[in-house]
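Written out below as structure tokens is the structure these notes cover.
Numbered from 1 within each chain, the chains take letters A, B, ... in sequence-line order.
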Amino acid sequence: MALPPIDLAVFHDNGFVRKQCRVTDLWFWTTDAERTTCGDTSEDEYTFIGAPLIDGFEQRGKALKDTMRQAFLGYFEAHGHTKIDPYPVLARWRDDLHLTIASIADFQPHVTSGEVLPPANPLAVSQPCIRLTDVDAVGRSGRHLTTFEMMAHHVFNRPDEGIEIYWMESCVEHCHRMLTETFGIPSSEITYVENPWCGGGNAGAAVEVIVGGLELATLVFMDMEEHPDGDVELKGDRYRTMPLQIIDTGYGLERFCWAAAGTPTIYEAIYPESVAWLKKLSGFQEKATRWPDLDLDRLLGEMSRLNGIMNIEAGVDGDKLVSIFLERLKERGVEVTSEQFRGITEPLANIYAIPDHLHALCNMLGDGLVPSNAKAGYLARMLARRVLRMRDDLSLSVSLSDLAEHHLDVNMGGHLNKQHRAGLLEILALEEERYAEMLRKGVHVIQTQLKGLASDAEAIPDEDLFTLNDSHGLAPDMAVALARTSGWANVSLRTGFSAEMAERHALLAKAAAKNIAATSTKVDLDVVQPTRLTYYDNVYERTLQAEVLACVEAGDEGPHGASWVVVLDQTLFYPEGGGQEGDQGQIINESTTVSVLDTMKQGSLVLHFTDAPVEVGVEVTCVLDWRRRKQLMDHHTAVHIVGGAARKLLGPHIFQAGSHLSVESGRLDITHFHRLTRQDLDAMEDLANEVLATVASTEKSELNRKDADLVHGFDLYQGGAPKGDSIRILKIADHDTQACGGTHHDEPGQIGSIRVIRSTAVQDGVERLHIVAGEAALGYARTQDELVRASAEVFGVHQDDLPKAASRFFSEWKEQRKTIEHLESEIVRLRTSGGGDASSLVDGVRMVVMAIEGDLKSMTTMLKELTLDADQPTVAVLGSADGGGKLMIGITEGTVASERHNAVELLRAISHHIKGGGGGRPTFAQGGGSDASGLQEALNAARALLGL
RNA sequence: GGGCGUGUAGAUCAGUUGGAAGAUCGCUACCUUGGCAUGGUAGAGGCCCCGAGUUCAAAUCUCGGCACGUCCA
């Protein structure tokens, strides 16, 4: 069964009739009985360009957005909705998304699953969103944006619990009244298109709201979930009704602004100052006047109308697009050449895209993001680099920081959520440096990569272009541009190559995704009663009476060789989670004692992995391995304290990217845009220990999610997004506040001391701090002492003199190595030059055959000494007993000696005496063997062959 | 999270099939001039990132580690 028609009173009351679109086949509602298209097809042009459909909004840019947003939220506040503050653009409360891509993302997954109550119901919000899927189309299509605000009203109905706020009828009525009353849009300009929505396992009826050819909003009625027995079928999947029924709407703030401004593109409506500024900086008008006959305004006007019906998506072939455009423009009486078209649209696309990208970038960094080469940070870097490339294409003489500063002041009122202005500008300056460095290296990379390519080649091989892009960050068009100035003047980029490369990347990504297999194991248990967790009541408790609810074999999966799994009614063992390792200890009853080797969580149960079974139903005593637990707590609380110290010292962008707590050490990953120095670590260490000394006690509390977000904001979720409605919060004075389910000290002072040992790089933009605390700190200090002592003993110096002694020994070693080399060659010179027994003359060629002491290195030095002088043609055969026997033969190049003798042949003829082989060039050969006792025979054989 | 690439002189980088560690700039000394720019000659400067392995032989091949770069999700 498909979905039934959406037949609402609001449509009939306002004179709408239901029709089927002849282009898309979708059903739609319109007041115009003659209308045959739904409004959003390749035949529907934008009708609002130059003729705004929303009246009374004379502002532009930020002021227009602010007024528009206020008008929207004002309507819904006046009609019983609660306005809520927008969430950050970094979706830190979610582990499946980097960026907030829609207003509904704020409430996923916990509110939409029914686990957590919404902050208000019904509610209205204007949520800044970032979507990078269409990043290539931004600036070129006239309407695409990477960053936009999704205005929305949301309703969360639960009919089974009697919660029914409103559904389709009221929703569409609100929408229609707002459009016509608040914004004064004539009904005749509006079409409502029925187009069911599905995604992410959910589905529902949906209505698209089209005004003047532009989709202004989508109203989704999400009341179904995917299920094999469902009675509704959509796009091949079956769905059934679910208990929670959600209204998810999305109104594009920027599109409302555009419809009110009627500008040729959306960018002129929302970033007018930036567009004007960039046009001026780039000399756009002067360039355009190169063609005095060209009616620029007419061209741009026609183009923007065309943009409405041409679907410019990522990967569209550029040349093909241009030719289609030219043809369509011609039909409309606008004659332009391909050169003129490119000359106008290419710089314009950059001018439009730059403010959009900057807006996304400033929002992301403003939320505390640090650029990186992985994850969300990479998205910021990609945007920064796109802006830099566009800036270079436009030949703008401003820095990335200048651009951002302008944008920040003009389009954002100077407001950033978390990051300071100075921090943002510093990060961008660093990004620009990195970009410049990449380009500088690019020239060299091109030259080595293309070494084998003929200088008159017309194309760079695909493989080389892939490598240049993937490994060296040189996009194909940049690679070609660099190659043209580096000696390959005729190369050009094959049409459609970029699309091909994108396809190839998609294939690789798909293949990689296949390899990820879920490996979570599950123990089968029929216990339903959740384990009561007593370690939250008192973290210092060491023994506990409990009842055994279940005991089963662990199978192969048991950690640390554990063979049984025990479940109790309550436990003081902390199960592995939040980076903290599971507790160990013992479970004791009257007759037996079993060891708990590890503890894990499965759903609401705590699994104790033991080395032996215990009887079910009996009362047992749990005994905690306190020393281990204390150490884990030391490290865990210390990690929070060091994290707080890092934030205080380095800035608001410091966010925990991960942590792991073991008995040996604690590990904390933090986001930062620089490598940390020892001075940084020392400062953190000092501050952390100061906290131990000055903060008397930690505050532990439990809040529901709604209140926690409200009171503490999203910095709470440093350790990742917690599950469930109830959140445990650890607050260490005003130093650090985090949601954390781990075990923590009540008094920081009990840790004793904290040491930040070192930092390593996890990825660009993420530093890993290695921390020891409490007893582990003491143990670490002892180990270090021992290392110093042992090293000092080797040198026979006092520990304080160790660095000095080491550097003296090292430099002396280097000097002596040099001296030895000189002396060795001197010895050879003395033994051979004075007519000694090792040397003899045969027909003007000096013959040197001798056994020496030394390794390959010193032999080559001697051989060099013997054979480099062209005035003294020499054949030298050296032998050494070193490592199973070595033979080396050198012949002075370009002399009678090298004409008469061949080093390789000579070597092959004698090397069998030491059971070895070898090779080399005709004037230099070396080899070795496994039997040094044949060395003299080998040298004798050489003498015989040389006629001595 | 996955893929790819790079670590060689103070700097920028070459180094072919495993077989004698190189270039350019910079540095030092000397020569050319009244002085400078420059030109000429000579010289110093290398744990070829670290650790294992293969081999008679590793900067080069294999594995592991560290550091850096880059693309994609």
Side-chain angles (χ1 to χ4, degrees), chain A residues 95-99 132-133 372-376 378-379 381-382 385 434-435 437-445 447-449 451-452 463-476 501-516 657-658 675 758-764 768 810-811 813-815 817-818 821 825 855-868 876 878-880 882-893 903-904 907-908 911-932 938:
Chain A
D95 45 21
D96 55 339
L97 277 183
H98 291 131
L99 299 169
L132 297 175
T133 42
S372 164
N373 55 7
K375 299 188 178 173
Y378 175 70
L379 302 175
R381 176 161 295 163
M382 182 191 79
R385 293 195 167 176
R434 279 174 166 277
Y435 176 78
E437 180 68 10
M438 191 183 82
L439 283 188
R440 196 188 59 75
K441 287 202 165 142
V443 179
H444 218 96
V445 168
Q447 278 168 358
T448 37
Q449 185 80 27
K451 205 161 26 179
E463 278 310 312
D464 287 327
L465 283 174
F466 287 135
T467 308
L468 288 169
N469 182 79
D470 290 1
S471 302
H472 301 103
L474 297 169
M501 193 170 72
E503 204 169 300
R504 180 180 148 128
H505 282 146
L507 276 176
L508 288 173
K510 217 178 206 173
K514 267 186 190 163
N515 291 334
I516 301 166
R675 289 307 310 266
R758 65 197 174 103
S759 69
T760 51
V762 177
Q763 63 187 229
D764 196 31
R768 173 163 295 170
F810 187 67
S811 56
W813 167 74
K814 282 204 309 198
E815 274 168 35
R817 204 182 45 172
K818 282 243 169 278
E821 273 174 33
S825 50
D855 57 7
L856 275 175
K857 182 101 183 160
S858 52
M859 286 170 82
T860 55
T861 313
M862 295 184 206
L863 213 54
K864 206 188 284 185
E865 188 70 34
L866 283 164
T867 59
L868 273 185
L878 300 183
S880 163
D882 181 57
K886 302 269 185 271
L887 288 168
M888 200 174 287
I889 301 172
I891 299 173
T892 313
E893 269 179 61
V904 178
L907 180 74
R908 293 231 168 100
S911 62
H912 64 270
H913 289 290
I914 55 167
K915 292 181 182 160
R921 297 174 300 137
T923 56
F924 183 87
Q926 54 180 290
S930 53
D931 182 13

In whole angstrom, give me the gap between the C1' atoms of B:U16 and B:C71.
29 Å
Taking the C1' atom in each of B:C13 and B:U8, what is the distance between them to the nearest angstrom?
9 Å
If you measure from the C1' atom in B:G10 to the same atom in B:G5, how many Å do you get, rounded?
26 Å
Tell me whether A:Arg504 is salt-bridged to A:Asp470, with the criterion being a basic N under 4.0 Å from an acidic carboxylate O.
no
Using both distances under 3.5 Å as the test, list the Watson-Crick or G-U wobble partner of B:C4, or none.
B:G69
What integer distance in Å separates A:Gln449:CD from B:C4:C1'?
11 Å
B:G15 to B:C27 separation - C1' atoms, rounded to the nearest Å:
24 Å
Does A:Arg434 have a side-chain nitrogen or oxygen under 4.0 Å from the phosphate oxygens OP1 or OP2 of B:C68?
no
Within the 4.5 Å heavy-atom criterion, are A:Pro476 and A:Asn469 side-chain neighbours or not?
yes
Is it the case that the side chain of A:Thr448 and the backbone of A:Val445 share a donor-acceptor pair, with hydrogens and angles ignored and the cut-off at 3.5 Å?
yes
Please work out if A:Phe466 contacts a base, only the sugar-phosphate, or nothing of the nucleic acid, heavy-atom cut-off 4.0 Å.
nothing
Specify the separation, in whole Å, of atom CD of A:Gln763 and atom P of B:C68.
12 Å
Side chain to side chain contact (heavy atoms under 4.5 Å, CB included) between A:His98 and A:Lys375, intermediate numbers included
CA-CA 7 Å; A:His98 291 131; A:Lys375 299 188 178 173; 3.9 Å; yes
Partner lookup for B:C25, please. Criteria are Watson-Crick or G-U wobble with both distances under 3.5 angstrom; report none if nothing qualifies.
B:G10
Taking A:Ser372 for its side chain and A:Asp764 for its backbone only, find out whether a donor-acceptor pair lies under 3.5 Å.
yes
Is atom CD of A:Glu503 surrounded by more than 12 heavy atoms (other residues, nucleotides or ligands) closer than 6.0 Å?
no
If B:G64 has a Watson-Crick or G-U wobble mate with both distances under 3.5 Å, name it; if not, just say none.
B:C50
How is A:Ala761 classified with respect to the nucleic acid when contacts are heavy atoms under 4.0 Å: base, sugar-phosphate, or nothing?
sugar-phosphate
Rounded to the nearest Å, what distance is computed from the CG atom of residue A:Leu907 to the C1' atom of nucleotide B:A57?
11 Å
Name the nucleic acid region contacted by A:Arg758, choosing base, sugar-phosphate or nothing; use a 4.0 angstrom heavy-atom cut-off, strictly under.
nothing
Base, sugar-phosphate, or nothing for A:Lys886, non-hydrogen atoms under 4.0 angstrom?
sugar-phosphate
Which is true for A:Asn373 with a 4.0 Å heavy-atom rule: it touches a base, it touches only sugar-phosphate, or it touches nothing?
base
Among the candidates B:G5, B:G45, B:C71, find the nucleotide nearest to the side-chain atoms of A:Arg385.
B:C71
Do side-chain atoms of A:Thr892 reach the backbone of A:Thr867 as a donor and acceptor pair under 3.5 angstrom?
yes
Just checking A:Ser911: base, sugar-phosphate only, or nothing, at a heavy-atom cut-off of under 4.0 Å?
nothing
Pairwise C1' distance, B:U70 and B:C61 [rounded to whole Å]:
25 Å
B:C56 C1' sits how many Å from A:Asp931 CG, rounded?
13 Å
Would you tabulate the nitrogen or oxygen pairs shorter than 3.5 Å linking the protein to nucleotides 13-19 of chain B?
residue: B:C13; atom: O3'; partner: A:His444; partner atom: NE2; Å: 3.2
residue: B:C13; atom: O2'; partner: A:His444; partner atom: NE2; Å: 2.9
residue: B:G15; atom: OP1; partner: A:Lys451; partner atom: NZ; Å: 2.8
residue: B:G19; atom: O6; partner: A:Gly919; partner atom: N; Å: 3.4
residue: B:G19; atom: N2; partner: A:Gln926; partner atom: O; Å: 3.3

Could you say whether A:Thr467 or A:Tyr435 is positioned toward the 5' end of RNA chain B, judged by the nucleotide with the nearest heavy atom to each?
A:Thr467
Atom C1', compared across B:U41 and B:C49: separation rounded to whole Å
36 Å
Basic-acidic side-chain contact under 4.0 Å: A:Arg434, A:Glu437:
no
Winner on side-chain proximity to A:Arg675, out of B:G1, B:C68, B:U70, is B:C68
Considering Watson-Crick and G-U wobble pairs with both distances under 3.5 Å, what does B:U38 pair with?
none
Nucleotide B:A57, atom P - distance to CG of A:Leu863 in whole Å
19 Å
Output the distance between atom CD1 (A:Ile889) and atom CZ (A:Phe924), rounded to the nearest 0.5 Å.
10.0 Å
Only pairs with both distances under 3.5 Å count, Watson-Crick or wobble alike; so what is the partner of B:G19 in this structure?
B:C56
Atom-to-atom span, NZ of A:Lys375 to C1' of B:A73 - whole angstrom:
12 Å
Return the nucleotide paired to B:G45: Watson-Crick means purine N1 to pyrimidine N3 with N6-O4 or O6-N4, wobble means G-U with N1-O2 and O6-N3, both under 3.5 Å.
none
Compare every heavy atom of A:Thr760 with every heavy atom of A:Arg758, then report the nearest pair and how far apart it is.
NH1-CG2, 3.4 Å
Quantified in whole Å, what is the P atom distance between nucleotide B:G3 and nucleotide B:G65?
13 Å
Whole-Å distance, A:Leu474 CG to B:C4 C1', equals 14 Å
Under-3.5 Å donor-acceptor pair between A:Asp470 side chain and B:U70 base
no
Tell me the interatomic distance from A:Met438, atom CE, to B:U12, atom P, rounded to whole angstroms.
18 Å
Nucleotide nearest A:Arg381 (side chain, heavy atoms from C-beta), chosen from B:A20, B:U70, B:C47:
B:U70
Could you give the distance separating B:G46 and B:A52 at their C1' atoms, to the nearest angstrom?
23 Å
